[in-house]
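What follows is a set of notes on a single structure, which appears directly below.
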Amino acid sequence: MKLFENTKRSLDVISGKIVMMQEEKKCKCRKCMATFVRPMNMLMIAFMFFALSATPVMAAGDTSVDSLIGTIVGIILTMFRYVGIVLLVWGVAQFVMAMKRSDSESKGDAIQTIIAAIVLIGLKTVVTSLGIVDSIPDVEF
């Protein structure tokens, strides 16, 4: 009889420890979640603020779709031109470094970069000369 009582007590102690360990894990999980919930709530509030605080904008009087598309294309082609200039400088620097190392693969990559840069720089001129878009205003940043 005593043997069963001792066994029962030891099982109660072990099961109590297991329950306590599970409670500790839940507590740690709650603490971990608490560190992530607050920043996520702040991000959600910021997103809702920006999403729901849209300001209505009225268009100018004589704005046609063609002039709007022309302006957008002009902005994009101007950005292409600036990116092309940066790529041209980068390609020339790559080519100089490849010449210094006498690396033919790097020379080929540099020449491809330079050609892509020249195409990007001249793309606005090609589009205006082909007449794809009626009017492309000069957009300066």
Side-chain angles (χ1 to χ4, degrees), residues 2-141:
K2 255 187 170 195
L3 177 67
F4 291 120
E5 289 176 6
N6 289 339
T7 307
K8 185 177 181 227
R9 279 189 212 140
S10 64
L11 285 174
D12 289 341
V13 170
I14 291 172
S15 64
K17 286 183 180 178
I18 291 173
V19 169
M20 288 178 67
M21 288 172 50
Q22 289 175 347
E23 290 295 321
E24 288 175 3
K25 285 182 182 177
K26 286 181 184 177
C27 184
K28 286 181 182 178
C29 183
R30 285 186 196 122
K31 288 179 183 177
C32 182
M33 288 299 292
T35 59
F36 291 112
V37 168
R38 185 172 177 154
M40 291 302 289
N41 284 340
M42 291 173 68
L43 284 173
M44 183 62 77
I45 289 170
F47 173 76
M48 288 175 58
F49 173 77
F50 287 118
L52 298 176
S53 65
T55 304
V57 178
M58 304 301 174
D62 290 334
T63 305
S64 67
V65 176
D66 290 336
S67 66
L68 180 65
I69 296 296
T71 304
I72 292 171
V73 169
I75 291 170
I76 291 171
L77 290 175
T78 303
M79 287 176 17
F80 280 176
R81 181 169 282 174
Y82 289 140
V83 169
I85 291 169
V86 170
L87 278 177
L88 183 66
V89 171
W90 175 256
V92 169
Q94 273 186 328
F95 188 73
V96 168
M97 294 301 290
M99 290 293 286
K100 179 182 172 191
R101 289 182 297 211
S102 297
D103 185 11
S104 62
E105 186 177 343
S106 294
K107 287 179 192 175
D109 292 341
I111 290 174
Q112 284 179 345
T113 304
I114 291 170
I115 291 171
I118 292 170
V119 168
L120 283 175
I121 291 170
L123 193 61
K124 186 172 185 178
T125 308
V126 170
V127 169
T128 51
S129 65
L130 289 176
I132 295 173
V133 179
D134 292 337
S135 62
I136 299 177
D138 287 330
V139 180
E140 296 298 325
F141 294 104

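- Taking NZ from K107 and CD1 from I111, the interatomic distance works out to 8.5 Å, rounded to the nearest 0.5 Å.
- Shown here for A110 and G91, the closest heavy-atom pair between the two residues is CB-O, 3.7 Å.
- By the side-chain contact (heavy atoms from CB on, under 4.5 Å) test, V83 is found to be paired with L87, L120, residues two or more places apart in sequence or in another chain being considered.
- Judged as a side-chain hydrogen bond (donor to acceptor under 3.5 Å, both in side chains), and not counting sequence neighbours, D109 has no contacts.
- Every residue meeting the side-chain contact (heavy atoms from CB on, under 4.5 Å) condition with T125, not counting sequence neighbours, appears here in chain and number order: R81.
- Residues passing the side-chain contact (heavy atoms from CB on, under 4.5 Å) test with L130 are V126, I132, sequence neighbours excluded.
- A search for side-chain contact (heavy atoms from CB on, under 4.5 Å) contacts involving M97 returns R101, not counting sequence neighbours.
- For the atom pair CD1 of I75 and OG1 of T78, the computed distance is 7.5 Å after rounding to the nearest 0.5 Å.
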